[in-house]
Amino acid sequence: MGVREDFRELFGTAPEGVWSAPGRVNLIGEHTDYNDGFVMPFALPHTTLAAVSRRTDGLLRLHSADVAGGVVELRADRLTPGSDKNWTAYPAGVVWALREASHAVTGADVHLASTVPTGAGLSSSAALEVVVALALNDLFGLGLEPRRLARLCQRAENVYVGAPTGIMDQTASACCQDGHALFLDTRDLSRRQIPFDPAAAGLRLLVVDTRVKHAHSDGEYGRRRAGCEKGAALLGVDALRDVPLAELDTALARLGDDEELRRLVRHVVTEDARVERVAALLEAGDIRAIGPVLTRGHASLRDDFRISCPELDLIVDTARSAGAPGARMTGGGFGGSAIVLVEEAEVPALTEAVENAFTTANFTPPRIFEAVPSAGARRLS
């Protein structure tokens, strides 16, 4: 059955509507978003669907087809940040954020079903947040534009869930367009859609899910964010985005012998430059030339930001040895997925090479699929 039929079976009546929000792949621009920098994600065809109806009695009833258990009932006026460590924290956090912003959300029945892989660095949590926010925005007539919805979803994840993520994931889910990557300035949220169609150039972009689960709420992510903020403070700038690439060596010298801070600063400043370089290449129609930029980005994440893992490094090394134009880890790190830009004719051989490399290393077999730039969040019915 579909989500509409499942909703009727769960709640005894048809939903008022069905909404969809996608996961995302970040083409380039990792850990730059909370440094006021540049990112370039695109939406996946993998989505979270939500069948939703309004309530007026203050009850929030949540159900997921992907999590064992029945309907979870919460009171909208009793939602408290940090009180929920389960999947329900994400949709409940959205309701909390909307109400904290003085939007009159008086409860809802929500049934969810997702095809976005969880723990793969593909923003399954952002898809969940955005689809609920969009549904409530429509049903309660809140009149919030996608950019504002993304901000509220980020607040839900930062404050209610307790994960110190930036704004990229929610903005990508809410704002991406089919056949494009989204160049996003995370400081002012200005954005432009950049055509990105690997298939038209005889290429494919593969996602290789290591099946090594990461969790943004774990301490490593927060420690790196705190380190970036410390580096910016020591350099006297609002955020590391304000350190020009041409002045990077001078900035690093000012940090003295604090090697950890030097590495963090170096990654963020050079990564911002890589995002701008990829944007320029795509706008010039030279998609193959982005490959080496992606690979340099992985080296920076591995050596400077130190958030890679053996499985991610193996994917990148195997892909490059097989002749792929470029590859890098994507997402928050410590597991999750890598992306590989590969010639269309070489997809079978590349896939086999990665699978064989994982078998030889005695790693869990990876999940490999094509990433097709797709549409952002929208109402389906």
Side-chain angles (χ1 to χ4, degrees), residues 21-45 121-123 126-127 130 145-151 153-154 165-201 203 205 207 238-245 267-298 300-301 325-332 339 341 371-378:
R24 66 96 187 99
V25 164
N26 192 23
L27 183 62
I28 191 73
E30 222 64 78
H31 290 268
T32 49
D33 58 347
Y34 54 79
N35 287 289
D36 282 0
F38 308 122
V39 294
M40 196 183 300
F42 64 88
L44 287 167
L122 303 176
S123 295
V130 169
E145 63 174 351
R147 182 169 64 177
R148 176 62 177 150
L149 286 178
R151 276 289 191 205
C153 289
Q154 182 199 16
T165 55
I167 190 62
M168 173 182 66
D169 296 350
Q170 292 85 0
T171 304
S173 187
C175 301
C176 279
Q177 293 182 5
D178 186 34
H180 292 75
L182 180 71
F183 183 96
L184 174 66
D185 182 334
T186 65
R187 169 165 284 168
D188 61 12
L189 295 191
S190 61
R191 59 192 189 270
R192 68 181 191 267
Q193 303 286 345
I194 297 179
F196 180 54
D197 185 0
L203 296 163
L205 190 74
V207 174
D238 290 336
L240 292 182
R241 178 259 185 76
D242 297 313
V243 179
L245 180 64
H267 166 73
V268 173
V269 175
T270 59
E271 186 79 345
D272 272 334
R274 283 186 286 270
V275 179
E276 293 185 293
R277 178 59 178 160
V278 167
L281 290 169
L282 291 180
E283 289 176 325
D286 195 359
I287 189 170
R288 275 180 178 78
I290 75 171
V293 187
L294 302 183
T295 305
R296 289 196 295 273
H298 181 79
S300 182
L301 289 162
R328 75 173 192 92
M329 61 155 286
T330 187
I339 55 174
L341 187 67
V372 179
S374 301
R378 61 201 187 279

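What you are looking at is a predicted structure, and each value in this text was computed from that prediction instead of being measured.
- No side-chain donor-acceptor contact under 3.5 Å links S190 to the backbone of D188.
- Here the side chains of L122 and V25 are in contact, with some heavy-atom distance below 4.5 Å.
- A distance of 13.5 Å separates CZ of R191 from NE2 of H180, quoted to the nearest 0.5 Å.
- Put simply, the side chain of E30 does not reach to within 4.5 Å of the side chain of H298, judged on heavy atoms.
- Side-chain contact between I28 and I290 is absent, with no heavy atoms from C-beta onward closer than 4.5 Å.
- The distance from atom CE of M329 to atom CG of L301, rounded to the nearest 0.5 Å, is 5.0 Å.
- Inter-residue side-chain proximity for V130 and L149 is flagged as unmet; no heavy-atom pair is nearer than 4.5 Å.
- Considering all non-hydrogen atoms of both residues, A279 and F183 come closest at CB-CD1, 3.7 Å.
- With hydrogens and angles ignored, the 3.5 Å screen pairs a side-chain donor or acceptor of T295 with a backbone N or O of G291.
- With sequence neighbours excluded, no residue forms a salt bridge (charged side-chain N to carboxylate O under 4.0 Å, His left out) with R277.
- Here the shortest heavy-atom pairing between C176 and P41 reads SG-O, 4.0 Å.
- The closest side-chain donor-acceptor pair between R274 and T270 falls under 3.5 angstrom.
- The closest side-chain heavy-atom distance from D272 to F38 is below 4.5 Å.
- Counting all heavy atoms, side chain and backbone alike, V372 lies closest to S374 at O-OG, 2.7 Å.
- Remark: D33 CG to R187 CZ distance equals 13.0 Å, nearest 0.5 Å.
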I'd like to know whether N35 forms a side chain to side chain contact (heavy atoms under 4.5 Å, CB included) with E271, so could you lay out the CA-CA distance, the side-chain angles of the two residues, the decisive distance to 0.1 Å, and finally the verdict. CA-CA 11 Å; N35 287 289; E271 186 79 345; over 6 Å; no
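- Q193 places a side-chain N or O within donor-acceptor distance of the main-chain N or O of C175, the cut-off being under 3.5 Å.
- Residue G29 comes nearest to N26 through the heavy atom pair O-ND2, 2.7 Å, listed as atom of the first residue, atom of the second, then distance.
- Here the closest non-hydrogen pair linking M40 and L282 is SD-CD1, 4.0 Å.
- Of all heavy-atom pairs spanning L27 and L205, the tightest one is CD1-CD2, 4.2 Å.
- Under the side-chain hydrogen bond (donor to acceptor under 3.5 Å, both in side chains) criterion, the residue pairs touching residues 278-290 are R192-E283, R288-E343, with sequence neighbours excluded.
- A heavy-atom distance below 4.5 Å is not found between the side chains of R24 and L182.
- Using a 3.5 Å distance cut-off with no hydrogens or angles, the side chains of R241 and T186 do not pair a donor with an acceptor.
- Put simply, the side chain of R147 does not reach to within 4.5 Å of the side chain of T171, judged on heavy atoms.
- I287 places a side-chain heavy atom less than 4.5 Å from the side chain of P198.
- Every ring-ring contact (aromatic ring centres under 6.0 Å, His included) that Y34 has, sequence neighbours left out, goes to H31, Y221.
- Of the possible donor and acceptor atoms, none in the side chain of Q170 sits under 3.5 Å from a partner among the backbone N and O of A126.
- Within the model, atoms CG of D185 and CD1 of I167 stand 12.5 Å from one another, a figure rounded to the nearest 0.5 Å.
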